[in-house]
Amino acid sequence: MSSYSVTLLGPAPWGFRLQGGKDFNLPLTISRLTDGGKAAKGGIGIGDMVLSIDGIATEGMNHLEAQNKIKSCSGNLSLKLQK
Amino acid sequence: MMMTQVETTVHYDNGYEYEYMNQEDDWDRDMLLDPAWELQQRKTFTAWCNSHLRKAGTQIENIEEDFRNGLKLMLLLEVISGERLPKPDRGKMRFHKIANVNKALEYITSKGVKLVSIGAEEIVDGNVKMTLGMIWTIILRFAIQDISVEETSAKEGLLLWCQRKTAPYRNVNVQNFHVSWKDGLAFCALIHRHRPDLLDYSKLNKDDPLGNLNLAFDIAEKHLDIPKMLDAEDIINTPKPDERAIMTYVSCFYHAFAGAEQAETAANRICKVLGVNQENEKMMEEYERLASELLEWIRRTTPWLENRTPEKTMAEMQRKLEDFRDYRRQHKPPKVQEKCQLEINFNTLQTKLRISNRPAFMPSEGKMVSDIASAWQGLDQAEKGYEEWLLTEIHRLERLDHLAEKFRQKATNHENWASGKELILSLNDYETATLIEIKALLRKHEAFESDLAAHQDRVEQIAAIAQELNELDYHDVAAVNQRCQSICDLWDKLGTLTQKRREALERTEKLLETIDQLFIEFAKRLAPFNNWMEGAMEDLQDMFIVHTIEEVQSLIAAHEQFKATLPEADAERQALLGIHNEVQKISQSYGIKANIVNPYSTLTTEDLIDKWDKVKKLVPQRDGALQEEMARQHANERLRRQFAAQANLIGPWIQTRMEEIGRCSLEIGGTLEDQMTQLKQSEHVIVAYKPNVDKLEGDHQLIQESLVFDNKHTNYTMEHIRVGWELLLTTIARTINEIETQILTRDAKGISQQQMKEFRSSFNHFDRKKNGAMETDDFRACLISMGYDLGEVEFARIMILVDPNGTGNVSFQSFIDFMTRETADTDTAEQVVASFRILATDKPYILVEELRRELPPEQAEYCIMRMPPYAGSGAPPGALDYTAFSTALYGESDL
């Protein structure tokens with residue numbers, strides 16, 4: 001279970017589906033990847049847990065917060081994930 | 001002035017008569033006399049006559065008158081000649097006078113003077129010219145005639161005399177008896193020549209003739225007893241002064257000086273003769289004196305040279321030699337000189353005497369040349385003898401000194417070596433020495449003994465030298481002997497002390513060796529014994545942890561065994577103490593004062609005793625401890641059994657219940673409600689059973705407090721039971737919950753009983769392990785069986801859904817969720833988004849008034865509050881993003 005960081009070059013769409021959140025009692029994970037999308041190209045895997053978005057830890061974030069955080073990233077998106 | 005010979009008298013022969021007669025030719029007999037001259041002659045002749053007549057106590061005043069009676073004339077002649085004339089006639093008649101004058105004239109004639117044309121009558125008549133002529137004749141005959149200078153006599157002689165005497169005075173040139181005398185310098189020169197003290201000639205000036213003349217006349221009258229006969233002015237004023245007057249005055253100078261000179265010469269002659277005499281006498285005396293002195297010196301010196309008193313030391317002897325050398329170098333040579341001088345003097349004297357026709361010199365008795373020579377010889381011999389003796393003595397003393405020095409050196413060396421040895425040998429250091437120290441002392445002593453032996457012949461040498469010094473009669477032999485004696489005495493003493501010390505050392509060594517042996521034995525035996533004791537102590541204090549009665553029993557048995565060995569040990573202890581006591585005894589009885597410490601053992605008897613006591617104490621202690629333990633073990637056993645009994649009941653009971661529940665949940669027949677009822681019943685039973693478990697807990701606590709960790713009476717631990725109990729509780733609760741959830745799900749999803757049964761059956765089928773959950777592989781197999789053709793990615797996605805916590809197990813509930821989800825319609829999230837789009841009239845965003853218009857107020861407000869603002873372009877302010885909101889609802893967002 002190793003963590004890694006990835007920076008996707010903007011703009012959106014990033015090509016992944018985010019699932020989970022505190023309100024679902026599920027960890028924030030990547031549930032789907034668009035083939036050839038930026039996320040897939042960036043090496044992100046299905047099932048990887050998102051630990052931080054743009055340097056901010058996702059612990060305690062509900063789904064909407066996480067979603068908004070990602071959406072608010074103009075330009076590049078930096079993520080720290082765990083496989 | 002001509003030196004006349006000593007023995008000769010003044011001779012003059014009648015040959016002068018002729019010359020005198022020639023002189024008379026100079027003056028004119030025919031009464032042609034210069035008036036000036038007459039005057040001068042009068043003055044001068046009067047003065048001259050008076051100079052003689054004063055000796056007879058009379059004078060003349062008038063030269064032509066006072067001689068007329070002839071008396072004064074005769075007197076004059078008597079005074080001049082020193083002879084007696086015939087008695088003058090006393091009458092006053094003419095013929096008396098003539099007779100007297102004739103007597104005078106006859107006298108004159110008898111003196112070899114030829115009187116020509118001078119008759120008595122003319123004199124009696126007072127003829128001036130005749131009288132003057134007669135006086136001149138007298139003057140010539142008695143004052144000038146006898147003058148003889150360098151074989152020139154009379155007038156020439158007088159002239160020569162003047163010339164000779166005034167020769168040194170360059171401004172005087174006497175050529176005659178007239179003009180040469182006019183400037184007065186000649187007179188002054190004459191005076192100065194003989195009596196320089198009377199005038200300062202350098203101050204005279206020939207331009208002052210008057211001064212010069214008067215000066216000369218004054219001085220002559222005052223100091224030379226020559227009355228003034230000339231008049232200075234007359235001389236100056238007369239172009240050619242009267243020769244006769246000048247001659248008369250000058251002749252007085254001649255007689256004054258030459259007479260003195262003659263006297264001087266005579267005196268010198270006498271002095272010379274006397275001097276020679278005196279000289280000779282002096283030389284004789286000198287000889288006598290020197291001879292005496294020399295002989296005296298020889299007489300004094302000889303005993304010194306014959307002295308054979310020996311000196312004590314070389315230094316003194318050498319000093320004697322030095323003195324002798326000094327004598328030879330310093331004192332004798334002058335004496336040799338003296339002797340030589342004496343001889344020379346003698347010879348000289350003899351020669352002198354012979355030359356001067358004196359008798360030879362005869363030294364006094366004992367001072368003859370031969371005497372001196374023989375005395376001198378004696379001296380030489382004495383010297384030789386003395387020298388020989390000195391050298392011999394010196395050699396002897398040298399030898400003695402050498403020996404004495406040798407003695408001193410050897411004695412000193414020996415004394416240095418010996419000093420302190422006595423003290424060392426008398427030490428009692430062996431009394432407090434250890435065995436090693438004694439051995440060292442013995443070795444040291446051995447070394448000393450050999451050193452002593454080495455010194456033996458040195459002592460003998462010293463004695464030998466002392467002996468020789470005695471034989472050679474050394475001056476300080478007493479001190480030598482004393483020293484030698486003390487050396488020998490000390491030597492003997494050292495020998496004795498050495499022997500005694502050796503004995504003491506050896507004796508002590510033996511004792512210490514014995515003790516040493518005992519010590520070794522003691523140490524050898526004490527070590528293992530000590531180990532045994534320490535081991536025993538350890539064992540006796542050994543903290544045992546036993547868990548069974550058997551263990552305790554075996555410990556007790558071991559302890560009993562140990563106790564059996566004690567008597568033997570005690571015996572050994574006593575033996576050891578015995579050794580120690582023996583050591584004490586030995587050292588006490590032999591007075592060994594050393595601190596007897598066993599060097600082989602760090603343990604002492606005190607340690608031994610100490611430990612033994614400890615061991616003894618520990619034995620009963622252990623007995624007690626073991627007994628205690630035994631009791632405890634029995635108690636524990638009871639506890640174990642108690643627990644075991646209880647656990648053996650509870651364990652299976654729980655198991656049974658678990659099986660019941662399991663069966664129930666796997667049950668396919670019957671409704672969920674039926675299951676529920678059953679489960680609740682079980683629950684009830686279970687809860688009621690709790691006290692039993694609590695009791696077991698109590699028993700367990702007791703066991704734990706007793707530190708019992710094993711129990712062979714049961715396989716069930718408290719943990720087992722506890723865990724089992726918990727599990728039972730949770731299982732029942734969970735199972736109930738599951739059923740509840742299933743009921744809910746069934747109701748929510750409209751799953752029929754039949755469907756439920758099918759799900760159940762499938763689940764049970766693929767639940768290979770039959771533990772109420774499917775493993776990943778089970779699930780995969782299940783999906784495949786249901787016709788799902790899944791890639792890894794898709795399967796992984798599904799796994800996340802069914803097992804979000806990654807446990808590796810899929811529960812029945814998850815399974816049902818998954819199954820129902822999959823058979824449901826399209827994505828609910830998409831449906832919701834579609835619904836919002838309709839409400840938003842196909843816009844990507846929705847407005848607040850639209851929400852309020854379309855939805856019930858509560859839901860509308862909910863949406864307004866939660867929807868994020870729409871971030872896309874072309875949206876009015878207040879536009880809301882319903883897509884993000886919808887996806888967020890389902891926890892899924894496409895980004």
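Values below: all heavy atoms of this structure, side chains included; hydrogens, waters and symmetry mates excluded. Below, read A as the first sequence line, B as the second, and so on, with proteins coming before strands; counting in each chain starts at 1.
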A.B. asks: Under 3.5 Å, is there a donor-acceptor pair between the A/Gln67 and B/Thr887 side chains?
C.D. replies: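 Yes - a donor-acceptor pair under 3.5 Å links their side chains.
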A.B. asks: Given a strict heavy-atom distance threshold of 4.5 Å, which part of A/Phe24 is in contact with chain B: side chain, backbone, both, or neither?
C.D. replies: side chain
A.B. asks: Chain B heavy atoms under 4.5 Å from A/Leu26: which part of the residue, side chain, backbone, both or neither?
C.D. replies: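 The side chain, not the backbone.
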A.B. asks: Where does B/Leu895 contact chain A at under 4.5 Å (heavy atoms): side chain, backbone, both or neither?
C.D. replies: both
A.B. asks: Can you tell me if B/Ser886 and B/Thr883 form a side-chain donor-acceptor pair at under 3.5 Å?
C.D. replies: no
A.B. asks: Does NZ or CZ of B/Arg780 come closer than 6.0 Å to the centre of the six-membered ring of B/Phe795, within 45° of the ring's axis?
C.D. replies: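 B/Arg780 over B/Phe795 ring: yes.
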A.B. asks: Please report the closest heavy-atom contact between A/Pro13 and A/Lys38, naming both atoms and the distance.
C.D. replies: O-CD, 4.1 Å
